[in-house]
Trainee: 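There's a structure below that I have some questions on.
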Protein chains: 2
Amino acid sequence: MTQEQFAKYSFLLDRTARKVKQYAQQQFKDGDFDVTVDQWLVLKNLSENGKISQTELANLVFKDHPTLTRIVDLLCKKGYVEREPHPQDRRSFHLNLTPEGVSKVTALRPKILEIREKAWENLSEQDFEEFKRILNTIYQNLDGQLLEE
Amino acid sequence: MTQEQFAKYSFLLDRTARKVKQYAQQQFKDGDFDVTVDQWLVLKNLSENGKISQTELANLVFKDHPTLTRIVDLLCKKGYVEREPHPQDRRSFHLNLTPEGVSKVTALRPKILEIREKAWENLSEQDFEEFKRILNTIYQNLDGQLLEE
DNA sequence: TACCAATAATTAGTGTGACAAATATATAAA
DNA sequence: TTTATATATTTGTCACACTAATTATTGGTA
C-alpha cells in the first residue's frame, strides 16, 4: 500500500459522502419537505430527545456549535422548533419541537427512511458490518489527535 | 436490516468524511501550507495534467463548475495558478501552475501524503479493498438517478 | 465579597457545496 | 446567413463547516 493510495481513499470517501448527501437533498427538494438534510437530522434527534440544550444536541448530531446555532435559527424561523429558557441556567435553552415540528417529523420520517435505502442497494449484510467497522476505525484514528500531540 | 440502519450508515459516512477533512485541514494549518485541502486537490491535479480547461479539471476533481471557478480564483490570487487564454476557444482557458505553484506542489506533496496516512491506521489491505468497493457501489447506486426518473 | 476559570451560546470571517440563472462564444441546422 | 442549440465560465443565493473571538452566566475559591 503506497502513500498515494491513502490520498485516493480520502478522495473516494469525500466524493461518496457528498453524493449521498446530494442525492438525499435532491429527493427532499422534489418532495417539498421544506427542510434540508441537516435540518432533518436535528429535527429527528430533537423528536427523540426533547428538552435538551444546544450543547447536548450538538454532541448528538456531531456538529459544532456555530453550525448548530444556525440550523436551530432556521428551524425556529420555520416554526418547527422553539427555544425555551432553561429553568436553572440562564445561559442555556431547552430546545423543543413545536406542534408543527412534531407533525413534520411524523410526516417525513417514513419518506426519508425510504430515500436512505437507495444508497445501499447491491450490498450485503456483511458489507454493512465491514463498512461500519472501517468508518469507525477511521474516525477513532483521527479523533482526539489534535489534543494528544 | 431495517430502514433505520440505512439512515445510521448515512450519518456515519458523513461524520467520518467530515472528520477526515477536518483532520487534514488542521494539519495543513499547523504546517502553514497556505492552501486548503480542496485547493490542494486542485493544485495536485493541475500538476499532473497541465494545460487543461476548467471543465476538464472539474471532472477530474468531481467538483461542480461554480465551485471550481472559485477555488481557481483563490489559487490565482495566491499566485499558484494562472489562466491562459485557450488558443482555439475564447470561452475557455488553459490552466497552468505558475513557478510558485510548481514549487508549492513539490514542497507539500510528501508532507500531505504523510498526513493522509494517519486515517488508515489499524486497517488491513483487505479492508481497503472492501472499503473502496463499497464506496464505489454506493456512488454508482446514486449517480445518474436524477436523470433516469 | 471579589475574583477567576469554565461553560452556553452567539457572532464574524473564510471556504466549500449545490443549484439556478446569466454571459459569451462556438457549432450545427435551416 | 440567420437561427437555434450547445458549451465554458461566471455570478448570485442559500446552507453548512470550521476557527477564533465575544457575551453572558455560572461556580468555585481566596
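Residue numbering restarts at 1 for every chain, and letters A, B, ... go by the order of the sequence lines. Computed over heavy atoms, backbone and side chain alike; hydrogens, waters and symmetry mates excluded.
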Trainee: Could you give me the CA-CA distance, side-chain angles and deciding distance for B/Phe33 and B/Trp40, then say whether ring-ring contact (aromatic ring centres under 6.0 Å, His included) is met?
Mentor: CA-CA 9 Å; B/Phe33 288 2; B/Trp40 166 253; 8.3 Å; no
Trainee: Does the pair B/Glu84/B/Lys51 count as a salt bridge with the N-to-O cut at 4.0 Å?
Mentor: yes
Trainee: Using whole Å, report how far CZ of A/Phe93 lies from P of C/dT7.
Mentor: 19 Å
Trainee: Give a yes-or-no answer on whether the side chains of A/Tyr23 and B/Asn141 include a donor-acceptor pair shorter than 3.5 Å.
Mentor: no
Trainee: Grab the CD1-P distance between A/Ile52 and C/dA9 for me, whole Å please.
Mentor: 10 Å
Trainee: For the pair made of NE2 in B/His94 and P in D/dA8, what is the distance, rounded to whole Å?
Mentor: 12 Å
Trainee: Tell me what B/Thr69 touches on the nucleic acid: a base, only sugar-phosphate, or nothing, going by heavy atoms under 4.0 Å.
Mentor: base
Trainee: Whole-Å distance between D/dA17 P and B/Arg15 CZ?
Mentor: 14 Å
Trainee: Return the set of residues passing salt bridge (charged side-chain N to carboxylate O under 4.0 Å, His left out) with B/Arg18 (not counting sequence neighbours), or none when no residue passes.
Mentor: B/Asp14
Trainee: To the nearest Å, give me how far apart CD (A/Gln54) and C1' (C/dT7) are.
Mentor: 13 Å
Trainee: Rounded to whole Å, please give me the gap between NE2 in B/His86 and C1' in C/dA24.
Mentor: 15 Å
Trainee: With a 4.0 Å cutoff (strictly under), does any side-chain N or O of B/Thr55 reach OP1 or OP2 of D/dT7?
Mentor: no
Trainee: Report the distance from atom CZ of A/Phe33 to atom P of D/dA15, rounded to the nearest whole Å.
Mentor: 18 Å
Trainee: Between D/dT7 and B/Arg91, counting only base atoms on the nucleotide and side-chain atoms on the residue, is there a donor-acceptor pair under 3.5 Å?
Mentor: yes
Trainee: For a quick test of reading the model: is some side-chain N or O of A/Arg90 closer than 4.0 Å to OP1 or OP2 of C/dT7?
Mentor: no
Trainee: Which comes earlier along DNA chain C counting from the 5' end, the contact point of B/Asp89 or that of A/Asp73, where each point is its nearest nucleotide?
Mentor: A/Asp73
Trainee: In chain order, what residues pass the salt bridge (charged side-chain N to carboxylate O under 4.0 Å, His left out) check against B/Asp73, with sequence neighbours excluded?
Mentor: B/Arg83
Trainee: When you measure from the side-chain N and O atoms of A/Ser92 to the phosphate of C/dA9, is any distance below 4.0 Å, counting only OP1 and OP2?
Mentor: yes
Trainee: At under 4.0 Å between heavy atoms, how does the protein contact nucleotides 13-18 of chain C? Give one character per nucleotide, 5' to 3', with B, S or -.
Mentor: B-SSBB
Trainee: Answer with yes or no whether the side chains of A/Glu114 and B/Gln3 bring together a donor and an acceptor at under 3.5 Å.
Mentor: no
Trainee: Between B/Leu68 (CG) and C/dC19 (C1'), how many Å, whole number?
Mentor: 16 Å
Trainee: Please report the end-to-end axis angle for the helix from C/dT1-D/dA30 to C/dA30-D/dT1, five pairs per end, rounded to 10 degrees.
Mentor: 10°
Trainee: Can you tell me which residue pairs pass the salt bridge (Lys or Arg N to Asp or Glu O under 4.0 Å) test with a partner in residues 56-72 of chain A, sequence neighbours excluded?
Mentor: A/Asp38-A/Lys63
Trainee: I'd like to check the salt bridge (charged side-chain N to carboxylate O under 4.0 Å, His left out) partners of B/Arg109; sequence neighbours left out, ordered by chain and number.
Mentor: B/Glu48
Trainee: Consider only side-chain N and O atoms of B/Gln140 and B/Asn136, and report whether a donor and an acceptor are under 3.5 Å apart.
Mentor: no
